[in-house]
Amino acid sequence: MERKTGVVIPLSALYTKDCVAVGDFLALKDFADFAQKASLSVIQLLPVNDTGTQSSPYSGLSAYALHPLYLRIAALPEFDDAYKHDKTFAAAYRAFKKAFPYTPRFDYEQVLSKKIELLHLLYSYLEKKMSGKLKKKKAPAKTEEAAKSEAPAEEEKKELTPDELTAKFNSETGAFVRANKWVPYYAVFKDLKDSASQASWKNWPEEFRHLTRKQIMLRWENRAHRSSHYFFVWCQMRAHEQFKEAADYVKEKGITLKGDLPVLLNDDSADCWAWPEYFNQDMKAGAPPSGDTPLGQNWGFPTYGWKNIAADNFNWWKDRVRSAAQYYGAFRIDHILGFFRIWCVRKGESTAYLGHTEPYAAISRETLEKEGFDTGRLNWLSKPHIPTGLIEDITWNHDEATDILEQLCDRVGTEELWNFKKEIETDGDIYRLTLSSDGGKDGRIKEALAAKWRDRALIEITPDNFIPVYSYRDSTAWKSLSWDEQQKLQNIFAKNKEAENALWKKQALDVLTPICKETGMTACAEDLGVNLACMPEVLNSLDILSLKVIRWNRAWEKDGQPYVPFADYPETSVCTTSVHDSSTLRQWWNGEKDSVRAYLSMAADKAVSYKDDAPQADAPFDETVAAYCLKTSAQTGSAWFINPLQDYLYLKEDYYKENPDDERINVPGSVNSFNWTYRMPYTISEIAKDKLLVSRIKEAAKIHDEQTGRES
């Protein structure tokens, strides 16, 4: 493969003198000029889809629509005329520029709100012009002498009449809609969402919640709604024009623009509303328990109905990648593990602890009974058993504890032991009840019962079919088993895992093949933390590049968990120093010294050319440390070496933000106004003019791109 070095940045982070408040599509042109100077041949963006009120680019309101946040309003073809002749719009635009001077992070909610307000004002002006209701003041007549004394001016374009302007608008928007079949559904969705004050479609009036696509198109064709619908068409058309202009410019520079396709969509999205058969709203996607998240992660996004998508020849996904290919030459498949198997949890669960993979292979009751697990034993393993004392320890009253348990449990015989009633289907059913008049006790009781709800070794996934709980070893039931019983179950689980691996491989090939073969874009996987035996085979067969984050690319199973040598990185991979969900290179160096020491140990053995430059692990992070890390990492065997802009800017201390936290993009597991709002510390033109910085980036790129051999 051709070796390429690149840079990753959220589009919102771009900063030029023409970007007001937030980065925009056209700023990519300036950034491409900088990238070319610095010998960077890939620019990778985070997703640029419309996410509505959600700042996370991975919480898409649409699989196709571009975010109006990234429109450069002053570059819209309607801007100049409106600014000259519409005092309200002109005043609002001046106020917008004044309200948002540069800050290290931008206010997503406020910037989006003001931009949408400006777009509405501009569209309203356009509509007035098309209606013929707009009256412009005539310029005062010039005297003959004044006219003669003026220098000859370029011939002004003849202004279109209202009818001509309307015809032009209809022609442009009509062509755009015909080329983008998703637009009417998105426009109707956005209009209804505006009418509902941005509430989820699940909370809309009943008449709008479950419209068929035919009914949506009838509403689209209703002339009473044309004005509001076409506002969104106009926004998307202009966003496409600006992004396409910028993307074409990047390509002309010989640079590959790499996009990002999130695997999942927000359940409050135009796609989930208009194509409900493609999504399973009864299950929510997430991640299984881990050291950092012992209860797993419940992302709240619906899982896919792959059978229905496949029955439609994967057209929804094919359309999605074709749409992306208008702009990109490569794309990152976010959370590619989800195409093999998604971790899903029942709707109503607050955690992902009792989740399971989809698809899954179940273990039959018959199989378990043959190994000696009768009905009583299976009930013990699959049904939580609550001792009366659990609640009595909170209420300090046996009768009160019994009364509380009777509300949601059935007693097991005459014992002081209880099982949840069949009506309790998720922990959400527990939290919805009022179990004690004492608010403090009520909360503690619910938490205790919710913990017991999770306390099981098996899940009866369908009648007489079971799957193991991910953390089954932590359950009371498992710990009570004999060693022989535990061994029998683990043997059953191991055989079941083999069956699941076959299912996962088949699904990945079935789903990813039509997606990756639909366009000529280079596909890149986000496969972090994945240990599926079949994944490397599938990725290689489909020419999908894997992802290697240097600090996490270690032989975790070996003593000391040593770093994988750079030369051992597969050629068909993308190597990077950091990702948007991790700490930056600077934060890593200053905050994870054990990892730093292990890195330096590996680099000392393998990066012979830079031994003299090796810093001490306890040294404070500075530009020499940054240079060492980038130059040694650049020796990776990976064909592509793509790093965050922040990690390149560390090559010169002038670009360090005072607070290192301000350089981070996102902190996973947190939802706040900080995440996803990073901005560059200086304008693109300022860093592009810095010859020393540019030369240092070029040096790292040269080390990587000119490497032709790998250690034997």
[X] and [Y] ion-paired at < 4.0 Å:
X	Y	value
Asp661	Arg664	no
Glu498	Lys495	no
Lys505	Glu537	yes
Asp194	Lys190	no

Side chain to side chain contact (heavy atoms under 4.5 Å, CB included) assessment of Ile333 paired with Leu261: CA-CA 5 Å; Ile333 306 174; Leu261 267 65; 5.8 Å; no
Single hit among Leu264, Asn280, Ile342 for side chain to side chain contact (heavy atoms under 4.5 Å, CB included) with Tyr304: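 By the side chain to side chain contact (heavy atoms under 4.5 Å, CB included) criterion, Tyr304 pairs with just one of Leu264, Asn280, Ile342: Leu264.
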Without swapping roles, check the side chain of [X] against the backbone of [Y] for a donor-acceptor pair under 3.5 Å.
X	Y	result
Asp647	Leu585	yes
Asn496	Ala361	yes
Asn465	Ala362	no
Lys479	Ser475	no
Arg454	Leu354	no
Glu358	Cys344	no
Asp427	Ser350	yes
Asp268	Trp201	yes
Arg209	Trp204	yes
Thr293	Leu295	no

Would you say [Y] and [X] are linked by a side-chain donor-acceptor pair, where the criterion is simply a distance under 3.5 Å?
X	Y	value
Asn675	Ser56	no
Ser62	Asp50	no
Ser595	Tyr563	yes
Asn419	Asp410	no
Thr584	Tyr678	no

After noting the C-alpha distance and the side-chain angles of Trp588 and Val596, does the key distance pass the side chain to side chain contact (heavy atoms under 4.5 Å, CB included) rule? CA-CA 8 Å; Trp588 166 74; Val596 167; 3.8 Å; yes
Give a yes or no on this: more than 12 heavy atoms of other residues, nucleotides or ligands lie within 6.0 Å of atom [atom1] of [X].
X	atom1	value
Asp484	CG	yes
Lys657	NZ	yes
Glu366	CD	no
Glu109	CD	no
Lys593	NZ	yes
Trp396	CH2	no

With the side chain counted from C-beta on, respond yes when [X] and [Y] share a heavy-atom pair under 4.5 Å apart, and no when they do not.
X	Y	answer
Ser578	Gln587	no
His67	Leu112	yes
Arg411	Thr402	yes

Partners meeting side-chain hydrogen bond (donor to acceptor under 3.5 Å, both in side chains) with [X] (sequence neighbours left out):
X	answer
Asn491	none
Trp275	none
Lys284	Asp267, Gln281

Would you sort out whether Leu45 and Ile9 count as a side chain to side chain contact (heavy atoms under 4.5 Å, CB included), showing the intermediate values? CA-CA 5 Å; Leu45 301 176; Ile9 191 166; 4.3 Å; yes
Any residue meeting ring-ring contact (aromatic ring centres under 6.0 Å, His included) with Trp504, in chain and number order, not counting sequence neighbours: none
Apply the ring-ring contact (aromatic ring centres under 6.0 Å, His included) test between Tyr470 and each candidate in Tyr353, Tyr360, Trp343, Phe493; give the one that qualifies. Trp343
Are [X] and [Y] near enough that their ring centres are under 6.0 Å apart?
X	Y	result
Phe208	Trp273	no
His335	Phe301	no
Phe420	Trp453	yes

[atom2] on [Y] to [atom1] on [X], rounded to 0.5 Å:
X	Y	atom1	atom2	result
Asn672	Asn666	CG	CG	8.5 Å
Glu400	Lys441	CD	NZ	5.0 Å
Thr462	Ile467	OG1	CD1	9.5 Å
Asp464	Arg365	CG	CZ	4.5 Å
Glu349	Asp429	CD	CG	8.5 Å
Asp399	Glu392	CG	CD	9.0 Å

Tightest non-hydrogen contact, residues Asp442 and Ser436, listed as OD1-N, 3.0 Å
Minimum-distance pair of heavy atoms, taken over all atoms of Asp271 and Tyr64: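 Shortest heavy-atom separation between Asp271 and Tyr64 comes out as OD2-CE1, 3.6 Å.
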Arg320 NZ/CZ over Trp317 ring centroid, <6.0 Å and within 45° of normal: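 Verdict for Trp317: a cation-pi partner in Arg320.
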Does Asp474 form a side chain to side chain contact (heavy atoms under 4.5 Å, CB included) with Val469? I'd like the steps, not just the answer. CA-CA 10 Å; Asp474 295 332; Val469 172; over 6 Å; no
Taking only residues two or more places apart in sequence or in another chain, which ones pass salt bridge (charged side-chain N to carboxylate O under 4.0 Å, His left out) with Asp510?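 Only Lys506 meet the salt bridge (charged side-chain N to carboxylate O under 4.0 Å, His left out) criterion with Asp510.
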Exercise answer: donor-acceptor pairs, residues 371-384 side-chain atoms, under 3.5 Å, sequence neighbours excluded:
unit_1	atom_1	unit_2	atom_2	d
Asp374	OD1	Gly376	N	3.3
Asp374	OD1	Arg377	N	2.9
Arg377	NE	Glu485	OE2	3.0
Arg377	NH2	Glu485	OE1	3.1
Arg377	NH2	Glu485	OE2	3.4
Trp380	NE1	Ser480	OG	2.8
Ser382	OG	Leu378	O	2.7

